[in-house]
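Scroll down for the structure; my scribbles are underneath it.
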Protein chains: 2
Amino acid sequence: MSVSQPVRPPRRRAPRNSLNPDRILDAALTLLDRDGSEAFTMRGLAQQLGVGTMAVYSHFRGKDEISDAVAQRLLDTIELPAGGSADPQTELREVCVGVYRLFTEHPSALELLADRPLRGDDAIALIDRMLGLLRQAGLAPADAAHAHVALMQYTVGSALWNTRRSRALCQEGARDRARAKLAALPRDTYPALVALAPELLCANSEGTGQFEYGLDGLLRGLLGGTAQV
Amino acid sequence: MSVSQPVRPPRRRAPRNSLNPDRILDAALTLLDRDGSEAFTMRGLAQQLGVGTMAVYSHFRGKDEISDAVAQRLLDTIELPAGGSADPQTELREVCVGVYRLFTEHPSALELLADRPLRGDDAIALIDRMLGLLRQAGLAPADAAHAHVALMQYTVGSALWNTRRSRALCQEGARDRARAKLAALPRDTYPALVALAPELLCANSEGTGQFEYGLDGLLRGLLGGTAQV
DNA sequence: ACCTGAACACCGTTCAAGT
DNA sequence: ACCTGAACACCGTTCAAGT
């Protein structure tokens, strides 16, 4: 066996200016989407870029600043619906579905976003759009603000729930174990749960359908009437 | 200066059986609530217990198993309303508010819970109760399942949003910076946002009020009628 | 059986140095 | 200016050893 071939050959010095913020953010997002947020490491990022660990620090202050920038960039890719064509409720629905889509397509980035406040021009535009639609739908100022936050909370919560649920179900045989556990429950202690077991499993494995069910309910409840229940 | 007093005096050997799973979980929850989830460390936990780092491993397989047990224990403290006294919608409301309360009172534990599936007897009982109430309210099996998931998603999402938002606002001067940023936005690019700035700031700093606003909307929309929008 | 410290393979980041 | 490796203070966990 030849010992002369080292496992990690001494990387030749990276050419000057081959690195830049954009390349770094691209690599970060790739890493995040492919391997999940706990695999997002400064060392891993540098390796992905074919560069020494500390090279990245010439372009960003640290990991936090990179996470921030990735979150920013993602938010700015949300496409707002054309507008004007449909009624406010339908447009609000489209906006929320768009945000949900983005979050489920970039599961690990969602965890970054949940940590930091929403800023960046496109995120601001999104909030403005939603508030405008809520006012158009006839909500008073305070109601529009509350409704907006509620919609965001539901959307973020659903996306988070969904990505974590689906990651858990990816585990070896997890789906069968869940099914078995449900089947083993005593029917008389948990009558409703046992009776609805198949529907529950189904609702949990649906993705967008489940989200839209709740979203429609929420929109109906928030916009439907001014009557307090 | 005397060198003979070491910074960390050689801790005397902990008495046998002074450690047990309950004491460990107590310490873990204390640590979690006091210092946040990223301060929850095997080394810190052992220190809190006045014991060598590895002592904990005699009682739990590792950090993950402890996190699991803490989450379990928390879920089992949720109190279900007496039942039978009120209509299904009011009872559902109480259950959700109870879950939300638990989550906001133990912010860091929520992050643990978001990661793992809900199990444990009391968590199961909670799900059963909610499903039963939803059926009582007149929902078909598939609708009850969907509605249950939607309610949980909204509740978890709100709690998560809230704890993170409030943690961010705890930062030095963060509240003022947010206010200033809102005030600096161009009125004609973001008309709705600028107009609703005070209401938004208010909705975001309310805790339970904001949650209940959306919850009532969601319940109204899910239970209000069978009409699909 | 229960508790111990040393050691291993990680992590983000500081530092002084190379080009 | 941009990129480098060594080093520091952390982390969870394995291991062989003490009692």
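All values derive from a computational prediction rather than experimental measurement.
- Only one option out of B:Leu131, B:Asp121, B:Val99 pairs with B:Leu126 in a side chain to side chain contact (heavy atoms under 4.5 Å, CB included); it is B:Val99.
- Between the NZ atom of A:Lys63 and the C1' atom of C:dT13 there is a distance of 12 Å, given to the nearest Å.
- For B:Ile24 and C:dC3, the CD1 to C1' distance is 11 Å, given to the nearest whole Å.
- The distance from atom CG of A:Leu19 to atom C1' of D:dT4 is 13 Å, rounded to the nearest whole Å.
- The CD-P distance, from B:Gln47 to C:dG5, rounds to 12 Å in whole Å.
- The one candidate from A:Leu32, A:Ile24, A:Asp26 that meets the side chain to side chain contact (heavy atoms under 4.5 Å, CB included) condition with A:Val70 is A:Leu32.
- Listed nucleotides: D:dC2, D:dG12, D:dG5. Nearest to the side chain of A:Asn17: D:dC2.
- Picking from D:dC3, C:dT4, C:dT13 the nucleotide with the shortest atom distance to the side chain of B:Met54 gives C:dT4.
- OP1 or OP2 of D:dA1 has not a single side-chain nitrogen or oxygen of A:His59 nearer than 4.0 Å.
- Which of D:dG12, C:dC3, C:dG12 sits closest to the side chain of B:Ser58 comes down to C:dC3.
- Enclosure of atom CZ in B:Arg73 by more than 12 non-hydrogen atoms of other residues, nucleotides or ligands within 6.0 angstrom is indicated.
- Candidate nucleotides D:dC11, D:dA1, C:dG12 were compared by shortest atom distance to the side chain of A:Arg16, and D:dA1 ranks first.
- For B:Tyr57, a side-chain nitrogen or oxygen approaches OP1 or OP2 of D:dT13 to under 4.0 Å.
- Whole-Å rounding puts the A:Glu38 CD to C:dA9 P distance at 21 Å.
- Ring-centre distance between A:Tyr154 and B:Tyr154: not below the 6.0 Å cut-off.
- In this structure, B:Asp128 contributes its side chain and A:Leu193 its backbone to a donor-acceptor pair below 3.5 Å.
- Of the candidate nucleotides C:dC3, D:dC11, C:dT14, C:dC3 has the atom nearest to the side chain of B:Ala55.
- Listed candidates were C:dT19, D:dT13, C:dC3. Nearest to the side chain of B:Arg13 is C:dC3.
- Taking atom CG of residue A:Leu45 and atom P of nucleotide D:dC3, one finds them 13 Å apart after rounding to whole Å.
- Across all strands, A:Phe60 comes closer than 4.0 Å to no nucleic acid atom at all (heavy-atom distances).
- The nearest whole Å value for the distance from the CZ atom in B:Arg43 to the P atom in C:dT4 is 14 Å.
- A donor-acceptor pair under 3.5 Å links the side-chain atoms of B:Arg129 to the main chain of B:Pro81, judged by distance alone.
- Following rounding to the nearest Å, B:Met42 (CE) and D:dG12 (C1') show an atom-to-atom distance of 7 Å.
- Although no hydrogens or angles enter the test, the distance criterion places a donor-acceptor pair under 3.5 Å between the side chain of A:Arg23 and the main chain of A:Ser18.
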How would DNA chain C look in dot-bracket form, 5' to 3', counting Watson-Crick and G-U wobble pairs with both distances under 3.5 Å and writing | for bases paired to another strand? ||.|||||...|||||.||
